[in-house]
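Presented below is the structure to which this report refers.
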Amino acid sequence: MTFKRHTVTAALPYANGPVHIGHLAGCYLPADIYVRYLRLKGEDVKFICGSDEHGVPITIKAKKEGITPQQVVDKYHKLMGDAFKDFGISFDIYSRTSSKTHHETASEFFKKLYDKGVFKEEVTEQYFDEKANQFLADRYIVGTCPKCGNENAYGDQCEKCGSTLNATDLINPKSTLSGEKPVLKKTKNWFLPLDKMQPQIEAYIDSHKEWKSNVFGQCKSWLNAGLQPRAMTRDLDWGVKVPVDGADGKVLYVWFDAPIGYISATKELFMQHNDGINTLSPEGRAGEGWEKYWRDKESRLVHFIGKDNIVFHCIIFPAMLMAEGSFIVPDNVPANEFLNLEGDKISTSRNWAVWLHEYLLEFKDKQDTLRYTLCSNAPETKDNDFTWKDFQAKNNNELVAILGNFVNRTLVLTHKYYNGKVPETLEYTKSDILLLEEISKFPDKIAASIEQYRFREALSELMNLARSGNKYLADNEPWTLIKTDEKRVQTIMNISLQIAANLAVVMEPFLPFTSKRLGGMLNLNPSLKWNDAKRTDLLLAGHQINAASLLFEKIEDEAISAQVQKLADSKKANEAAGKAIEPSKAETSFDDFSKMDIRVGTILEAERVPKTDKLLKLLIDTGFDTRTVVSGIAAYYKPEDIIGQQVSILVNLAPRKIKGIESKGMILMAENSAGELSFVSPLKPNVNNGSGIK
RNA sequence: GGCGAGGUAGCUCAGAUGGUUAGAGCGCAGGAUUCAUAACCCUGAGGUCUCGGGUUCAACUCCCGAUCUCGCUACCA
C-alpha cells in the first residue's frame, strides 16, 4: 500500500425507500469490511456516505403522499441512517445532499466549471405545463405507452412493459401536475461535453486495467459507443439551484450533485471534528482538513457502488473532477453485481425485498448472521441469489457449528479445567509448531483477499482459521488427556485460546458485533491491531477470561418458513394487483372517437426489421390502398404465421419513420395481464378489407 | 440488433501467462467421537468444465460459431 490515506465512499442511497439486503450485500457491507480492515491496519481512512435527496422521483413521491419533498427525504434519511448504524456500517459521517454545506459545495463546483467555460449551453424543446407554469421532467408526464397501451406510462419509462421512453413518445401526454396537455417550449440547459473529453477519460480508464472485469468492460463499452454531451441541469424546483444568471427555475442534475455529496460530506465531517472551525475555504486551511482527502495525490479514492452506478462513478464523476482540476480521481470502483431474492429480482415497488429494519425486528441482535450470509454469498462477479434456506444453513452449519462451537468448547474447557485462567505453555510438539506457523499466516492471507476486494474469499479464510481450531481440539483430545497428562492439556488449551483471540481480531471487519462479544469474553485488550493477530501470544499465561456465552444460536425451521411465507404473501398480493382491471379512462365525446378511422385490413407481407428485437414490417391491404406499417409485435407473432391474417388498423394516424421505414397507421392489439399482445380481428369471414370499425 | 459480464460437482463459488488423476465450502453417504448448540473430526460418492467446430504434442484455459442468463443500448405509434 503506497498511499498515505484513504477516502472510501459508499454509494449515496436514494432517499425514497428503506434499505434492503441487496443494497447491503452489493455496496455497504463490502465497503464497511474494507474500511474496518484499513482502520485495524492503522491506516488513515475516512468512510463517507449520505442520503441522495434530490431528483424527480422524490418530488413525485411527495406529491403522491401529499407531503413536501423535504418531509419525504427527512423520513428516509433517518430510516436509512438508522438501519446502517444498526448493522454496524461504520461511516465516519452519514450526511445528506439537502444540507447547506452540500448546496454550497455543489454550487461552487458548478460555478467553477461554468467560469472555466467547460459547459456547452444548449436550447432544447421540453414539455411545459402552462397551468402550473413549469417545465415537466419526463417523470411528471404520463400518457399512453406506445408499446403496450398502458395509459399510465411515465415519460421516461413504462413500468408495465418496462420499455424506456422519451416524453415525446407518449400518446396523449398529460401533466401530472395539472392534468393538462403540456406544450413544447424552448429551454436552456448546460451540458458537460463528454464527447470532447473522451480522450482524457479513455486514458484514465485504460490506466486502470486492474479494475474488476465487469467495471472495466462496462466502461469500455460506453467509450466504444462514443460519449455524448450530457445535460447537467434540469428544469425543476427541487435540488441545488443553478448558480448562474438566467437559470431561474433550474437545478443541478441529480447525478451532477450526488457525487459531489461525497465531497460535501467529507467537509462536514471536518467541521464537526474541528469544533466549528471552518475548513471550507480552500485557501485558508489547505491540506489541513477535508482537502487532503480529496486533493492530495497521496490519498486514495475508492468508490463502492452497485453495477447500476458504474457509468456515473467511472466516467461522469471523474470527468467532472478532471474538468474542475483540483481534485484526485477515483483509484478504484469495485462495483458489485445484483443480489436476487429467492430467484426473483429485488423490487421496492413490488415489496419483494428483505428490509433491514424489519429483519432486526424478527432476528434480534443477529446483525452478524446477515452480514456473514451476505458476504459469503455476495454478488462479486455475477448476480447472486439470497434464499432463506441458505441463510439458515450458513448460520447453523457454519457460524454455529464451526465458529461458535470452536470458541464455546475452548472457553468451556478453560473454565472447567483452569477456572478461566489462561494456562501456561510448557512444551510444543512438532504439530503444535506447525499449527502456530499456520495461524500466524492467516492475517496476511485474509488481508490479501480484502485488498483485492475478494471479500467472500477473505471470509472463507477466516472460517478456515476456526476450522483449524476445531481440528486441533479433535486431534489432541484434551478431554481425554486431562485424565492422564494434565501438563500437555495446558499447552493445548493455551494454543486453542490463542486461536480464539486471533479470531476475535481478524473477524472484526466481517463480524464486528461478534468480535466485540468474543473480545469481552476473552477479556482481550481492545486496542489490538490487525498485525497483532500474526502473533500467537495475545493471551498471556494467568490472564483471567470472563464467563462464556454462545456467540451464535441456531435458527429454527419455523423462523425460516415464516420469512418464506411472508414473501409468498407479498407475491400473492402482487399477482392480485396485476390482475386488477384498470379503471375506465375519462369520458370522451363521440366526435373525438369519430376522428379515428379504424378499418379491417389483411396482412399481405411480414418480415423482421433488421437489427431490432421487437419490430415487424407489415404490408397491409386496407381495401382502399396497400401500405406499410411497422409494429412492435415480433415477440408475439412470427412473420410467416400471420400472412393473410385480418387485423384492425388505425389508418389516419400521422405517419412516422421507424428505423428508417415510413410507418403509416397502427395495428390494434389486445393486451393481457402478462403484457402479451394479440390481434383484434373480425370473427365472421365475410368482413371485407376496408370495412370500418365503429 | 449492438456492446459488456457470466454459463465449472445437488447448491454457492475458485480455477496467473494452455501441461500429470479439474478444486473449496455447504448438502449427501459411511466411519469415528462425546469437551461442545446431535455440534466437531476422518473418509467417500458426485462434473463429457453450456453445446459445435478449430489451433496445438496438449485446452476449462486460445480462436470461430451457436445457445442460455444478467446489465447497458437501439427499436415499439
Side-chain angles (χ1 to χ4, degrees), chain A residues 144-149 158 161 163-165 169-171 212-225 306-308 310-311 337-338 340 345 376-387 389-390 393-394 396-402 404-414 416-417 454 456-457 459-461 463-464 466-467 469-482 489 493 496 548 550-554 608-616 629-635 650 653-661 663-669 677:
Chain A
T144 303
C145 173
K147 183 208 161 190
C148 70
C158 172
C161 65
S163 46
T164 43
L165 305 169
D169 294 340
L170 293 173
I171 303 160
K212 289 174 63 169
S213 61
N214 57 340
V215 177
F216 188 78
Q218 187 65 226
C219 291
K220 292 303 274 184
S221 173
W222 276 82
L223 290 167
N224 288 342
K307 67 173 163 183
D308 50 331
I310 289 174
V311 63
E337 303 284 306
F338 287 151
N340 293 324
K345 215 171 281 193
S376 70
N377 198 22
E380 286 179 2
T381 53
K382 59 180 178 187
D383 287 1
N384 231 329
D385 198 26
F386 174 95
T387 65
K389 199 168 157 266
D390 198 44
K394 284 202 187 311
N396 293 357
N397 305 331
E398 299 181 28
L399 287 177
V400 172
I402 295 168
N405 186 34
F406 167 69
V407 168
N408 187 241
R409 51 206 300 220
T410 299
L411 297 193
V412 165
L413 289 178
T414 303
K416 199 167 178 179
Y417 299 153
R454 300 166 72 129
R456 41 196 303 165
E457 183 180 85
L459 186 62
S460 97
E461 280 301 333
M463 293 308 282
N464 282 340
R467 286 189 180 96
N470 275 323
K471 184 168 167 50
Y472 182 68
L473 285 179
D475 288 349
N476 288 282
E477 302 187 41
W479 49 90
T480 308
L481 281 180
I482 194 72
V489 172
M493 290 319 299
S496 301
L550 298 176
L551 288 180
F552 303 99
E553 55 188 28
K554 284 207 161 190
R608 290 288 297 263
V609 178
K611 301 193 175 189
T612 69
D613 283 348
K614 302 175 184 170
L615 302 184
L616 291 188
V629 175
V630 175
S631 188
I633 57 172
L650 178 61
L653 185 67
R656 162 134 180 191
K657 261 199 174 175
I658 298 163
K659 279 279 162 188
I661 301 164
S663 177
K664 291 172 157 173
M666 171 173 165
I667 309 295
L668 270 45
M669 307 297 295
L677 301 180

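Below, chains carry the letters A, B, ... as their sequence lines are ordered, and counting in each starts from 1.
Partner assigned to rC75(B) is none, using Watson-Crick or G-U wobble distances below 3.5 angstrom. Pair assignment for rA5(B): rU69(B), on the basis of Watson-Crick or G-U wobble contacts that are both within less than 3.5 Å. Within the shown strands, rG10(B) is the pairing partner of rC26(B) under the Watson-Crick or G-U definition, both distances less than 3.5 Å. With a cut-off of 3.5 Å on both Watson-Crick or G-U wobble distances, the partner of rU56(B) is given as none.
Between rA36(B) and rU48(B), the distance separating the two P atoms is 44 Å to the nearest Å. To the nearest whole angstrom, the two C1' atoms, one in rU61(B) and one in rG19(B), are 11 Å apart. Rounded to whole Å, the C1' atom of rU73(B) lies 24 Å from the corresponding atom of rG65(B). Comparing the C1' positions of rC11(B) and rC28(B) gives an interatomic distance of 12 Å, to the nearest angstrom. Spacing between rG10(B) and rC49(B) at atom P, rounded to whole Å, works out to 12 Å. Look at the C1' atom in both rC60(B) and rA9(B): the space between them is 14 Å, to the nearest Å.
In this structure, NZ of K220(A) is placed 19 Å from C1' of rG71(B), rounded to the nearest angstrom. N377(A) places its CG atom 15 Å from the C1' atom of rG27(B), with the value rounded to the nearest Å. To the nearest angstrom, P of rU73(B) lies 9 Å from CD of Q218(A).
E398(A) comes within 4.0 angstrom of the backbone, heavy atoms only, and of no base. At the heavy-atom level, T410(A) lies nowhere under 4.0 Å from the strands shown.
Closest to the D383(A) side chain, of the nucleotides rC70(B), rC72(B), rC26(B), is rC70(B).
Within 6.0 Å of NZ on K664(A) lie no more than 12 heavy atoms contributed by other residues, nucleotides or ligands.
Using a cut-off of 4.0 Å between Lys/Arg side-chain N and Asp/Glu carboxylate O, K345(A) and D383(A) are scored as not salt-bridged. Between E337(A) and K382(A), no side-chain nitrogen of the basic residue sits less than 4.0 Å from a carboxylate oxygen of the acidic one, so the salt-bridge criterion is not met.
Between rG27(B) and N397(A), a contact under 4.0 Å exists linking OP1 or OP2 to a side-chain N or O. A sub-4.0 Å separation between OP1 or OP2 of rC42(B) and a side-chain N or O of K471(A) is present. For the pair K659(A) and rG1(B), the criterion of a side-chain N or O lying under 4.0 Å from OP1 or OP2 is not met. Considering only side-chain N and O atoms, S213(A) lies under 4.0 angstrom from the phosphate OP1 or OP2 of rG6(B). An OP1 or OP2 oxygen of rC26(B) is reached within less than 4.0 angstrom by no side-chain nitrogen or oxygen of R456(A). The phosphate of rG71(B) (OP1 or OP2) has no side-chain N or O of S221(A) nearer than 4.0 angstrom.
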